[in-house]
Colleague: 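Let me give you the structure first, and then I'll get to my questions.
Naming convention: chains lettered A, B, ... in sequence-line order (proteins, then strands); numbering from 1 in each chain. Predicted model, so just to flag it, every value in this text is computed and none were measured.
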Number of protein chains: 2
Amino acid sequence: MQIDAIDRKILALLQEDGRISIADLSARVGLSPSPCLRRVRALEASGLIARYVAVLNQRAAGLPVSVFVSIKLERQREEALDAFSAAIRRWPEVLECYLMTGQRDYLLRVVVADLESYERFLKTKLTRLEGIASIESSFALEQVKYSNVLPLG
Amino acid sequence: MQIDAIDRKILALLQEDGRISIADLSARVGLSPSPCLRRVRALEASGLIARYVAVLNQRAAGLPVSVFVSIKLERQREEALDAFSAAIRRWPEVLECYLMTGQRDYLLRVVVADLESYERFLKTKLTRLEGIASIESSFALEQVKYSNVLPLG
DNA sequence: GGTGAAATTTTAGGTGC
DNA sequence: GCACCTAAAATTTCACC
């Protein structure tokens with residue numbers, strides 16, 4: 001999809017406030033509401049805008065702990081890798097998961113209420129998966145920055 | 001703030017779709033629109049709902065690369081730590097930053113278009129900061145999961 | 001917490017530049 | 001492709017029970 005400067009401005013504003021009205025949005029990007037709405041719909045249809053969500057305050061929700069987990073998998077069949085991915089996607093404690101360069105390395109961000117909850121997650125879920133060679137956990141004390149705004153142009 | 005089962009349901013739905021109408025939301029949680037809207041406003045005022053945003057597709061936006069950067073700081077004055085945090089918050093390439101347990105360790109997620117852009121970020125920004133003892137970069141090949149939905153009750 | 005009505009916003013259509 | 005206008009539909013919001 002072709003993106004121009006006005007689209008970038010629209011995307012920037014929607015990333016800051018996903019509920020801004022088309023009237024306000026169009027005024028801020030220098031268009032009238034009709035073409036502005038058309039652009040937003042086109043950006044949604046193209047998949048560039050993936051979804052609109054409410055972002056909660058992790059601490060206020062009683063889930064102040066983020067744990068970063070490095071997982072190394074044993075050499076194995078494709079099927080086991082798919083099972084790993086599927087489990088990750090299913091577990092609500094895992095908010096982010098990345099396949100890292102190098103070998104069979106995954107990085108997870110796990111969100112829990114406290115260390116006890118994390119231990120429970122480890123014992124009842126993660127360590128029960130087959131094919132894991134090693135697990136290493138690092139704990140975040142403080143969220144210095146948490147943004148969804150991509151650095152467009 | 002006191003949260004009950006209906007509030008948790010509201011939060012779950014809003015985290016999935018930040019633009020769901022009050023009419024739909026109220027029907028799905030088993031309330032009429034008025035009290036449902038009152039609850040949503042209370043959740044916003046309490047800070048539990050931090051904000052509403054549009055989530056973009058990183059790949060479609062031409063920024064497919066996430067780099068995780070571990071930074072160790074030298075022992076130093078509080079002032080320098082604040083300068084570090086301030087810079088991190090200002091740089092749009094850094095989407096997430098966590099202060100980790102242990103010592104002066106930070107973990108960053110940096111989003112860029114390609115490795116060249118990452119080198120530019122390193123050379124013109126990160127390595128110019130004072131008080132950094134070491135920098136270690138790991139590259140994500142694939143985003144297996146990226147969610148904003150907290151595991152509430 | 002529910003009801004109903006008013007106010008605001010969204011959204012689609014049509015014309016001309 | 002955009003501005004402008006109009007109008008219908010949907011949604012938000014509020015006073016009141």
Colleague: Any ion pair linking B:Asp4 and B:Arg39 (charged N to carboxylate O, less than 4.0 Å)?
Modeller: yes
Colleague: Please classify the nucleic acid contact of A:Ser21 as base, sugar-phosphate, or nothing, using heavy-atom distances under 4.0 Å.
Modeller: sugar-phosphate
Colleague: Cut-off 3.5 Å, no hydrogens considered: what does the side-chain donor-acceptor table look like for residues 60-72 of chain A, sequence neighbours left out?
Modeller:
residue : atom : partner  : partner atom : Å
A:Ser66 : OG   : A:Gln58  : NE2          : 3.3
A:Ser66 : OG   : A:Arg109 : NH1          : 3.1

Colleague: Using a 4.0 Å heavy-atom cut-off, does A:Leu31 contact any base of the nucleic acid, only the sugar-phosphate backbone, or nothing at all?
Modeller: sugar-phosphate
Colleague: Determine to 10° how strongly the helix from C:dG1-D:dC17 to C:dC17-D:dG1 is bent, judged from the axes of its five-pair ends.
Modeller: 30°
Colleague: Taking any heavy-atom pair under 4.0 Å as a contact, classify A:Gly30: base, sugar-phosphate, or nothing.
Modeller: sugar-phosphate
Colleague: Do A:Tyr98 and B:Ser138 have side-chain N/O donor and acceptor atoms under 3.5 Å apart?
Modeller: no
Colleague: If you measure from CG on B:Leu126 to CG on B:Leu108, what distance do you get to the nearest 0.5 Å?
Modeller: 7.0 Å
Colleague: Which nucleotide, C:dT11, D:dC2, D:dC5, lies nearest any side-chain atom of A:Ser34?
Modeller: D:dC5
Colleague: Any salt bridge between A:Arg51 and B:Glu16, counting N to O under 4.0 Å?
Modeller: no
Colleague: Considering only side-chain heavy atoms of A:Ser32, which listed nucleotide, D:dT12, C:dT11, D:dA3, is closest?
Modeller: D:dA3
Colleague: Does the pair B:Asp17/B:Arg28 count as a salt bridge with the N-to-O cut at 4.0 Å?
Modeller: no
Colleague: What's A:Arg41 touching, base or sugar-phosphate or nothing? Going by heavy atoms closer than 4.0 Å.
Modeller: sugar-phosphate
Colleague: Please compare A:Pro33 and B:Arg38 by the position of their nearest nucleotide in DNA chain C and report the one closer to 5'.
Modeller: B:Arg38
Colleague: Tell me whether the OP1 or OP2 atom of C:dG1 has a side-chain N or O from B:Arg39 closer than 4.0 Å.
Modeller: yes
